[in-house]
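The first residue in the sequence is number 1, and the count goes up from there. This is a predicted model, so every value here is computed, not measured. Whatever order the structure lists them in is the order used to number ligands and atoms, beginning at 1.
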Amino acid sequence: MGNYYQEAIETMPLEELQKLQSERIVEQVKHVYENVEFYRNKMDEKGIKPEDIKGIEDIKNLPFIEKDDLRDQYPYGLVGVPLSDCVRIQSTSGTTGRRVVAFYTQEDINVWDECCARAIMAVGGTKEDVVHVCYGYGLFTGGPGLNGGSHLVGSLTLPMSSGNTERQLQFMTDLGSTILCCTPSYASYLGEAIAEAGIKDQIKLKAGIFGAEPWTEEMRHNIEESLGIKAYDIYGLTEISGPGVSFECEEQAGMHIQEDHFYAEIINPETGEVLPEGEVGELVFTCLTKKAFPLLRYRTRDLCRLTRKKCSCGRTHVRMTKPMGRSDDMMVVKGVNVWPSQIEAVLLKQGYKENYQIVVDRVGSNDTIEVQVELTPEMVEANDVPVAKREAAVVAGLKSMLGIKVDVKVVEPKTITRSEGKAKRVIDKRDLYK
Ligand code: DLL
């Protein structure tokens with residue numbers, strides 16, 4: 001193992017970890033109370049003084065912070081250090097026009113790079129590897145995060161950014177990329193492009209680090225097949241730093257949260273009550289070490305479950321399941337809660353790939369929902385099931401999963417636009433009528 005598998009920290013017994021977290025939260029609460037007026041006011045409103053927070057178990061007394069607070073405090077309201085101590089911003093576009101701008105000191109960047117380095121080491125990365133980063137660079141955290149991590153590991157880093165698939169394949173083959181970092185939807189597109197170019201035998205990839213959007217186990221399987229690699233999940237969000245807040249180890253059984261820096265809780269999204277280990281709820285993060293943009297008890301809207309069950313990799317850090325979708329991804333269609341991931345699961349189970357789109361609309365006062373999904377090249381070649389029969393099977397699968405009638409259109413391969421970054425799979429035309 002190289003420098004950035006921090007065995008002492010990643011395999012720390014729980015008691016020691018909690019001691020470290022306690023020291024850090026005490027210092028962090030003092031920091032935000034003294035330096036961020038927003039927090040001071042919120043804590044004063046609740047009658048909490050920094051000295052009331054004596055350890056990590058007291059965190060439950062702190063107020064939550066929500067996405068709306070970030071919008072209200074845009075751009076500088078939550079910055080905890082003089083701007084002259086900040087060296088970087090990153091930002092998320094936000095699908096609803098809510099731009100989040102996060103600030104970093106050099107030390108914050110170092111911690112972020114370290115978390116991404118741990119993620120690369122966890123998939124077997126070393127200084128001998130060629131790390132091909134085709135997450136977007138710029139304001140998006142994907143490119144800069146994995147880039148920084150790869151440098152720390154000492155791997156040869158290809159800062160490809162997203163797009164220009166032909167060039168991606170050329171560098172991948174010419175320079176012998178071994179670890180691929182991009183969104184799962186782009187990985188799946190690269191798999192298609194490699195098959196089409198007939199160059200699979202020239203690809204040296206062994207692992208992929210894919211995240212930034214939800215993806216299913218079926219999609220993992222498809223990517224692993226098409227690229228001939230092991231595909232690992234990585235999670236993070238701009239508000240908390242970027243990729244590397246959690247990541248999978250060789251066991252591929254949930255993502256270890258970097259708990260020495262980010263403290264996780266699961267709450268009931270309706271009541272805010274903290275839920276016991278193992279229950280599904282909204283993920284809430286507290287940054288224990290970040291100084292420039294130190295969010296405490298930030299509600300991510302991501303729904304998942306945590307487990308402290310022993311992991312055979314030896315890491316003791318708590319694991320989170322793949323987010324099952326965001327509470328705000330949920331659509332209400334015909335009065336029923338629908339998550340895109342449920343639709344994807346039905347499609348992939350019936351042998352389709354991730355090339356689909358969901359169109360929701362309203363006719364009069366009735367909602368309509370249509371799923372368009374592409375035939376795979378194998379289905380076209382076999383030509384053994386009529387399209388109408390295929391459509392009926394998907395309709396039935398969706399009816400049993402969701403309990404409502406969904407219109408289904410099975411379309412020719414390559415009809416649906418491919419994504420180079422995060423895929424946009426839902427078009428909700430009802431938004432236009434708001
Ligand atoms: O997507 C950071 C990132 C970059 C993570 C590269 C992993 C790899 P944002 O653009 O702020 O940051 O979006 C954060 O994306 O709250 C989740 O809803 C979703 N998300 C991120 N990773 C995963 C994942 C980056 N592995 C939001 N699985 C988060 C499912 C994910 N959803």
Can you find an N or O of Asp302 that's nearer than 3.5 Å to an N or O of ligand 1? yes
Counting only heavy atoms, which portion of Asp233 has something under 4.0 Å from ligand 1: side chain, backbone, both, or neither? side chain
Any salt bridge linking Glu192 with Lys353? Criterion: basic side-chain nitrogen under 4.0 Å from a carboxylate oxygen. no
Honestly, for Ile234 the part within reach of ligand 1 (heavy atoms, under 4.0 Å) is both
Derivation of the side-chain hydrogen bond (donor to acceptor under 3.5 Å, both in side chains) call for Thr92 and Thr238: CA-CA 7 Å; Thr92 146; Thr238 314; 4.8 Å; no
Out of Arg220, Lys230, Arg319, Lys322, which one pairs with Glu248 under the salt bridge (charged side-chain N to carboxylate O under 4.0 Å, His left out) rule? Arg220
Residue, atom and distance of the protein heavy atom nearest atom 11 (O) of ligand 1 read Thr238 OG1, 2.6 Å
By side-chain hydrogen bond (donor to acceptor under 3.5 Å, both in side chains), Gln350 pairs with (sequence neighbours left out) none
Ligand 1 versus Pro323: contacting region, heavy-atom distance under 4.0 Å: side chain
Under 4.0 Å, heavy atoms only, figure out whether ligand 1 is touched by the backbone of Leu237, its side chain, both or neither. both
Ligand 1 to Ala212 polar contact by distance, N or O atoms, under 3.5 Å: yes
With atom 24 (C) of ligand 1 as the reference point, say which of Gln90, Met255, Glu213 has the nearest heavy atom. Glu213
Indicate whether the side chain of Thr141 and that of Tyr135 have a donor and an acceptor atom separated by less than 3.5 Å. no
Side chain proximity check, Tyr298 to Asp69, heavy atoms < 4.5 angstrom: no
Pick, from Pro144, Gly236, Ser341, the option with the minimum heavy-atom distance to atom 5 (C) of ligand 1. Gly236
Contact list for residues 60-84, test ring pair (Phe, Tyr, Trp, His ring centres under 6.0 Å), sequence neighbours left out: Tyr76-Phe103
Looking only at distance, does Lys422 have an N or O less than 3.5 Å from an N or O of ligand 1? yes
